[in-house]
Student: 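The structure follows.
Note that the structure is a prediction, hence the values are computed from the model and not measured. Chain letters run A, B, ... following the sequence lines, proteins first and then strands; every chain starts at 1.
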There are 2 protein chains.
Amino acid sequence: MASIRDVAEQCGVSTATVSRALAGKQHVREEVRKQVLEAAQRLDYRPNRAARNLRSNQSSNIGLVVSDIQNPFFTSICRAVEDAALKAGFAVFLCNTDEDPEKEALYLRHLADENVAGVIIAPTGRRTRDFQMLNGLAMPLVVIDRPIGKELADTVVIDNAEAAFDLTEHLISHGRRRIACVFGANSSTGQERRKGFQLALQKNGLTERRELVHSVPPREEEGYRAVCQMLALPDAPDAVLTSNGLLALGAYRALMESGKKCPEEVSFATFDEAAWTSLVKPSVTVLEQPTYEIGATAAGLLLMRIEDPKRSIRHVELKHKLLIRHSCGCA
Amino acid sequence: MASIRDVAEQCGVSTATVSRALAGKQHVREEVRKQVLEAAQRLDYRPNRAARNLRSNQSSNIGLVVSDIQNPFFTSICRAVEDAALKAGFAVFLCNTDEDPEKEALYLRHLADENVAGVIIAPTGRRTRDFQMLNGLAMPLVVIDRPIGKELADTVVIDNAEAAFDLTEHLISHGRRRIACVFGANSSTGQERRKGFQLALQKNGLTERRELVHSVPPREEEGYRAVCQMLALPDAPDAVLTSNGLLALGAYRALMESGKKCPEEVSFATFDEAAWTSLVKPSVTVLEQPTYEIGATAAGLLLMRIEDPKRSIRHVELKHKLLIRHSCGCA
DNA sequence: CGGATTCATGCAAACGATTACAGTGTATCC
DNA sequence: GGATACACTGTAATCGTTTGCATGAATCCG
């Protein structure tokens, strides 16, 4: 591999000049710059990243920490972040925490060790302590999906309470009164959505039933199990609502297998758009989050913060969208 | 951040000794080693990766290059690779090529620049030229899914021709004779599956109909369009087969919208298991690839090659599985 | 015209680890 | 008892950049 010395020798200048020329800095004669550029091209010179990183403490990588790479919600965000990063000349470290705070801490350390330029993270837990650690790392940071530590970092979120409120009210507007819910446990989003749900009940004069509200880890089986259980209740629910795409899969499956007519006997609605929701019968009414936009916005914020670490902290709240289909009883 | 010098000073030894102690090398008194370990712990010393990388030309990162991070097939592989890498103390650079050879080349360069320990790649094109470039980079390499350059790198694949053969024969066994196919274009897998399909036809005395075989970019819309077109043919097909999960989504949608009865009038079967295939009615008969295993195997091979770059090249072929459900006409 | 400023460049010191080599001390062998 | 081997440790070179400082030349201004 050609090094900066090779280029320098080839041009009869010092490495300092080459470095300056390549970095587009001032104080390099135009003629010399051209020569350097040519030589670099000719020798297929590629700067040694490790050396650069060592010397100047900055890399052109960013970290993306999510809790489940197989969840289309995150995949879409990931896609957006990647697109934006690539355009800005960054590459992305993808880290999968599996909702495990230990794994999360491990990865954050690794990212810090790698000297990444910044990190976009959907934090696993509510453990603000760990988060402080993260903040102690003092690298540019954007928090998505689960707004922890608002004082400390840029965030991109949706109004989860409002979204859940809208979704719930939609079901209520169809005359549903005994709504079974499955929320994701361990994440602030789950909590907030639950609050929005409760608010909608309240506003419509309904009371929450404990046996109809579950908080479980966000996995298909858990959604399945919870819904099976609730559908078997003596005073069975007339609607099912889930707070994320993975739970929705299980819930829908449970609903189908129960033999109950949907939407006639039991309505269904969920957070998170996915490929299958419009494919099944009845098609599923969905509260869609602007996933790609979340990722793109987060990447944008991060790049700007990398540019200027002192800029004031921003919080972006994006709008959700209700995709009305057939599982709720709409024509 | 504490550096190796801080640890050395704290212990009253040289940096060389610290380095040796931490690396677990010989010729360090047990007592000293213990002291060093303690001091490192106390100071929360974390080796500077850039420095290490610069000096010794090895990083503890590996690259994973896939063509579509939103395709569950790759997501599952990604997951497996991540799991395995983490266990071995590596982190993963995820790169999304979007089936674009330019982007692929770009990323490979970046990975090489980053001095990654190795790369797992599902190559986009058939362009062996680019591939040679890649090989010229001379880093440990494992090719998955699309076996290009068998002489040059470890590979993990399934027998695509056989898989397609099996899937096709299954349809034929249900009396299907005019099978419409949509294959992924630009990938060797698509080609091979097509061959397997043709072989199955041949063996059963059927002739291929040009108008019933499409090769299109692997995207939902493309699958949709192709199947719409074929279903509208005067001599309409009595079965539809798609060669990957994204095409399947579009194809199934087209099939549903066409109003034709499935499986009575038109059977359906596809490659790639996904969450929705068992959820829809009729549920979809699928040729399942062992995705997680592919990723895990690839990661294993890569780690071993990193360990010993000279070991002989291996090719692993994993077994596919036919998941018989209802869209093909089985009870 | 001379001092001040600006420009173009080179020299050499970092950055923080690893490691070849050399040096010291202790044990072993004949 | 001297030679030899081996274990432990330190010194300093090295990886390939970036960048502060020094230098000399050109330009400017009063």
Student: Quick one: salt bridge (charged side-chain N to carboxylate O under 4.0 Å, His left out) partners of B/Arg311, sequence neighbours excluded?
Tutor: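 Salt bridge (charged side-chain N to carboxylate O under 4.0 Å, His left out) list for B/Arg311, sorted by chain: empty.
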Student: In chain order, what residues pass the side-chain hydrogen bond (donor to acceptor under 3.5 Å, both in side chains) check against A/Thr15, with sequence neighbours excluded?
Tutor: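 Expected list: none.
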Student: Of the residues in residues 52-63 of chain A, which ones touch DNA chain D at a heavy-atom distance under 4.0 Å?
Tutor: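 Going residue by residue through residues 52-63 of chain A, the ones with a heavy atom under 4.0 Å of DNA chain D turn out to be A/Arg52, A/Arg55.
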Student: Can you list the residues that meet the ring pair (Phe, Tyr, Trp, His ring centres under 6.0 Å) rule with B/Phe93, with sequence neighbours excluded?
Tutor: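 A/Phe93.
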Student: Who are the side-chain hydrogen bond (donor to acceptor under 3.5 Å, both in side chains) partners of B/Ser14, not counting sequence neighbours?
Tutor: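 With sequence neighbours excluded, B/Ser14 shows a side-chain hydrogen bond (donor to acceptor under 3.5 Å, both in side chains) to B/Thr17, given in chain and number order.
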Student: Rounded to whole Å, please give me the gap between CZ in A/Arg49 and P in D/dT18.
Tutor: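 About 11 Å, once rounded to whole Å.
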Student: When you compare the protein's N or O atoms with those of nucleotides 6-10 of chain D, which come within less than 3.5 Å of each other, and at what distance?
Tutor:
residue	atom	partner	partner atom	Å
D/dT9	OP1	B/Arg29	NE	3.0
D/dT9	OP1	B/Arg29	NH2	2.7
D/dT9	OP2	B/Arg29	N	2.9
D/dG10	OP2	B/Ser14	N	2.8
D/dG10	OP2	B/Ser14	OG	3.1
D/dG10	OP2	B/Thr17	OG1	2.6
D/dG10	N7	B/Arg20	NH2	2.9
D/dG10	O6	B/Arg20	NH1	3.4
D/dG10	O6	B/Arg20	NH2	3.4

Student: Does atom CD of A/Gln70 have more than 12 heavy-atom neighbours from other groups under 6.0 Å away?
Tutor: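 Buried by this count: over 12 neighbours within 6.0 Å.
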Student: With A/Ser19, which residues qualify under side chain to side chain contact (heavy atoms under 4.5 Å, CB included), at least two apart?
Tutor: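 Residues passing side chain to side chain contact (heavy atoms under 4.5 Å, CB included) with A/Ser19: A/Ile4.
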Student: According to the side chain to side chain donor-acceptor pair (under 3.5 Å) rule, which pairs have a member within residues 32-45 of chain A, sequence neighbours left out?
Tutor: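 As it turns out, the side chain to side chain donor-acceptor pair (under 3.5 Å) pairs with a partner in residues 32-45 of chain A, which skip direct neighbours, are A/Gln10-A/Arg42.
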Student: B/Glu317: what forms a side chain to side chain contact (heavy atoms under 4.5 Å, CB included) with it, not counting sequence neighbours?
Tutor: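 In terms of side chain to side chain contact (heavy atoms under 4.5 Å, CB included), with neighbours along the sequence ignored, B/Glu317 is linked to B/Val157, B/Asp159.
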Student: OP1, OP2 of D/dT19 versus side-chain N and O of A/Lys25: anything below 4.0 Å?
Tutor: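 Yes, within the criterion.
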Student: Scan side-chain atoms only and decide if B/Arg49 and B/Ser60 contain a donor-acceptor pair under the 3.5 Å cut-off.
Tutor: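 B/Arg49 vs B/Ser60: donor-acceptor pair found between side chains.
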Student: Does A/Arg20 have any salt bridge (charged side-chain N to carboxylate O under 4.0 Å, His left out) partners at least two apart in sequence or in another chain, and if so, which?
Tutor: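 Per chain and number, A/Arg20 pairs via salt bridge (charged side-chain N to carboxylate O under 4.0 Å, His left out) with no residue.
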Student: Please examine the side chains of B/Leu141 and B/Arg305, heavy atoms only from C-beta on, and report whether any two atoms are closer than 4.5 Å.
Tutor: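 No - every pair of side-chain heavy atoms lies 4.5 Å or more apart.
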Student: Of B/Leu302, B/Ile294, B/Ile120, which meets side chain to side chain contact (heavy atoms under 4.5 Å, CB included) against B/Val81?
Tutor: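 For B/Val81, the side chain to side chain contact (heavy atoms under 4.5 Å, CB included) check succeeds only for B/Ile120.
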Student: Using rotation axes that map the C1' atoms of four end pairs onto the next four (five pairs an end), what angle separates the end axes of the helix from C/dC1-D/dG30 to C/dC30-D/dG1, to 10°?
Tutor: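 About 40° separates the two local helix axes.
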Student: Over all strands shown, is B/Ser3 touching base, sugar-phosphate only, or nothing at heavy-atom distances under 4.0 angstrom?
Tutor: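 Since only primed, P, OP1 and OP2 atoms lie under 4.0 Å of B/Ser3, the category is sugar-phosphate.
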Student: Atom CG of B/Asp113 and atom P of D/dG16: how far apart are they, to the nearest Å?
Tutor: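 Rounded to the whole Å, the gap is 14 Å.
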Student: Any carboxylate oxygen within less than 4.0 angstrom of a Lys/Arg side-chain nitrogen, looking at B/Glu99 and B/Arg146?
Tutor: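 A salt bridge links B/Glu99 with B/Arg146.
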Student: Which nucleotide of DNA chain C is the first, and which the last, in the 5' to 3' direction, to come under 4.0 Å of a heavy atom belonging to chain B?
Tutor: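 Footprint of chain B along DNA chain C, 5' to 3': C/dG16 to C/dT19.
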